[in-house]
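Because the structure is a prediction, the values reported are computed rather than measured.
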Amino acid sequence: MPHAPETLPRHELERSLRRSRTLNVVLAALAVAGLVFGGVQLVRGDANGTKDATTAAGEARPQSGDGSTGTPAATVERRIDGDTMALGALDAPVVLSEWTDFRCPFCAVYSRDTLPVLIEEYVETGKVRLEIHDVAYFGEESTRAAAAARAAGEQGHYFEFLKAVYDAAPESGHPELTPDELRAFAKTAGVPDLALFATDMERADLRAAVEQSTTQAQQLGVSGVPFFVADGKAMSGAQPVEAFRTMLDEALAAAKQ
């Protein structure tokens with residue numbers, strides 16, 4: 001397990017988080033603070049804008065490579081018209097970016113218990129846009145499932161497929177998500193052309209896109225899932241819905257300034 005780097009003074013971290021919305025700054029600051037290495041942690045802002053770190057319900061993946069975090073000019077928000085892995089208005093005041101692995105049980109808990117509330121209260125009301133970043137932290141099966149989700153997305157059913165997978169996820173452990181299971185989830189999700197889906201989910205370009213997304217997440221310092229960023233603040237784990245409301249309400253207030 002990697003060792004946490006030397007901690008910077010808290011006021012310097014706070015200033016850097018306020019200064020930029022770019023993910024490299026946010027996650028580099030978190031990594032320097034020792035909050036994301038060696039386990040999944042939560043960074044939460046209180047009413048005064050300060051931050052505290054607490055253990056979160058998430059799954060950690062040791063960071064690979066040279067231990068660096070952050071890449072120049074990397075931004076959190078995509079805001080791409082027609083993005084099949086996004087929900088909500090393109091011009092919503094706030095973007096909630098989520099990193100998820102389809103085999104992660106904590107991602108499933110968040111999807112079942114919290115995501116529907118956030119969609120109803122924030123996405124459907126035009127306040128927040130949700131953008132998913134897939135990662136394959138748990139092997140070949142994770143890559144296969146994420147590619148399948150992208151294939152479902154090409155037929156307009158990404159989030160229905162995500163829901164089908166997570167609704168059936170076990171309380172612990174990592175489901176195998178075999179090709180037969182993925183085809184069954186596509187049927188549950190209402191994917192219209194199942195034969196096309198079965199072909200597309202094996203496409204090399206979709207698998208490459210998942211691998212690229214995973215590599216970028218590693219480079220940016222996302223060491224565990226589920227992981228979230230909104231307006232320069234990061235939060236990790238299947239936190240209670242109140243924690244997300246606090247995060248998003250603060251981001252919305254900042255967007256009005």
Side-chain angles (χ1 to χ4, degrees), residues 1-5 7 13 17 22-45 51-71 74 76 85 96-115 118 130-143 145-146 149 162 165-166 169-175 177 210-230 232-241 243-244 246-247:
M1 185 174 295
H3 294 290
T7 301
L13 294 175
L17 286 172
T22 58
L23 184 57
N24 60 303
V25 173
V26 174
L27 296 180
L30 291 174
V32 172
L35 300 179
V36 297
F37 289 106
V40 180
Q41 300 291 322
L42 164 68
V43 175
R44 181 172 55 207
K51 305 213 168 28
D52 64 335
T54 58
T55 301
E59 250 183 316
R61 191 208 66 83
Q63 186 171 358
S64 60
D66 60 4
S68 62
T69 60
T71 54
V76 177
M85 296 167 63
L96 176 64
S97 301
E98 174 190 345
W99 284 259
T100 192
D101 186 307
F102 282 88
R103 300 184 71 212
C104 165
F106 296 105
C107 298
V109 170
Y110 159 80
S111 176
R112 292 192 297 261
D113 297 347
T114 304
L115 181 58
L118 299 184
L130 172 66
E131 296 182 349
I132 303 295
H133 300 258
D134 50 16
V135 297
Y137 281 173
F138 304 111
E140 159 65 19
E141 295 88 347
S142 293
T143 301
L162 181 149
V165 172
Y166 284 145
E171 293 298 323
S172 62
H174 306 130
L177 299 180
V210 175
E211 292 166 1
Q212 181 180 11
S213 179
T214 302
T215 298
Q216 183 185 48
Q218 292 169 345
Q219 292 172 340
L220 294 171
V222 179
S223 61
V225 287
F227 194 89
F228 309 88
V229 170
K233 290 185 179 180
M235 184 164 65
S236 189
Q239 299 297 324
V241 68
F244 286 92
T246 297
M247 183 188 197

_Check: Val135 and Val225 side chains under 4.5 Å, non-hydrogen atoms_ = yes
*Which pair of non-hydrogen atoms, one from Ala169 and one from Ala108, has the smallest distance, and what is that distance?*
CB-CB, 3.5 Å
*asked:* Just so I know, are the side chains of Tyr137 and Gln218 near enough to count as touching, which here means a heavy-atom distance under 4.5 Å?
replied: yes
*Would you call the rings of His133 and Trp99 parallel, tilted or perpendicular, where under 30° means parallel and over 60° means perpendicular?*
parallel
*Might you point out which heavy atoms bring Pro105 and Glu171 nearest each other, and give the distance in Å?*
CB-O, 3.9 Å
_Minimal non-hydrogen separation, Phe102 against Ala145, with atom names_ = CB-CB, 3.8 Å
*What are the two closest heavy atoms between Gly173 and Pro175, and how far apart are they?*
O-CD, 3.7 Å
*State whether the side chain of Thr143 and the backbone N or O of Ala136 hold a donor-acceptor pair below 3.5 Å, judged by distance alone.*
no
*asked:* Walk me through whether Tyr110 and Leu115 qualify under side chain to side chain contact (heavy atoms under 4.5 Å, CB included).
replied: CA-CA 6 Å; Tyr110 159 80; Leu115 181 58; 3.5 Å; yes
*asked:* If only side-chain N and O atoms count, and only distance matters, is there a donor-acceptor pair under 3.5 Å linking Thr100 with Tyr166?
replied: yes
*Is a side-chain N or O of Ser111 found less than 3.5 angstrom from the main chain of Cys107, in a donor-acceptor match?*
no
*Mark yes or no for whether Arg103, through its side chain, and His174, through its backbone, hold a donor-acceptor pair below 3.5 Å.*
yes
*Rounded to the nearest 0.5 Å, what separation is found between the CZ atom of Phe228 and the CG atom of Leu130?*
8.5 Å
*Quick one: closest heavy-atom pair of Ala238 and Phe106, and the distance?*
CB-O, 3.6 Å
_Using side chain to side chain contact (heavy atoms under 4.5 Å, CB included), reason through Leu118 and Val241 one step at a time and then give a plain yes or no._
CA-CA 8 Å; Leu118 299 184; Val241 68; 4.2 Å; yes
*Inspect the surroundings of CD in Gln212 and state if more than 12 heavy atoms from other residues, nucleotides or ligands are less than 6.0 Å away.*
no
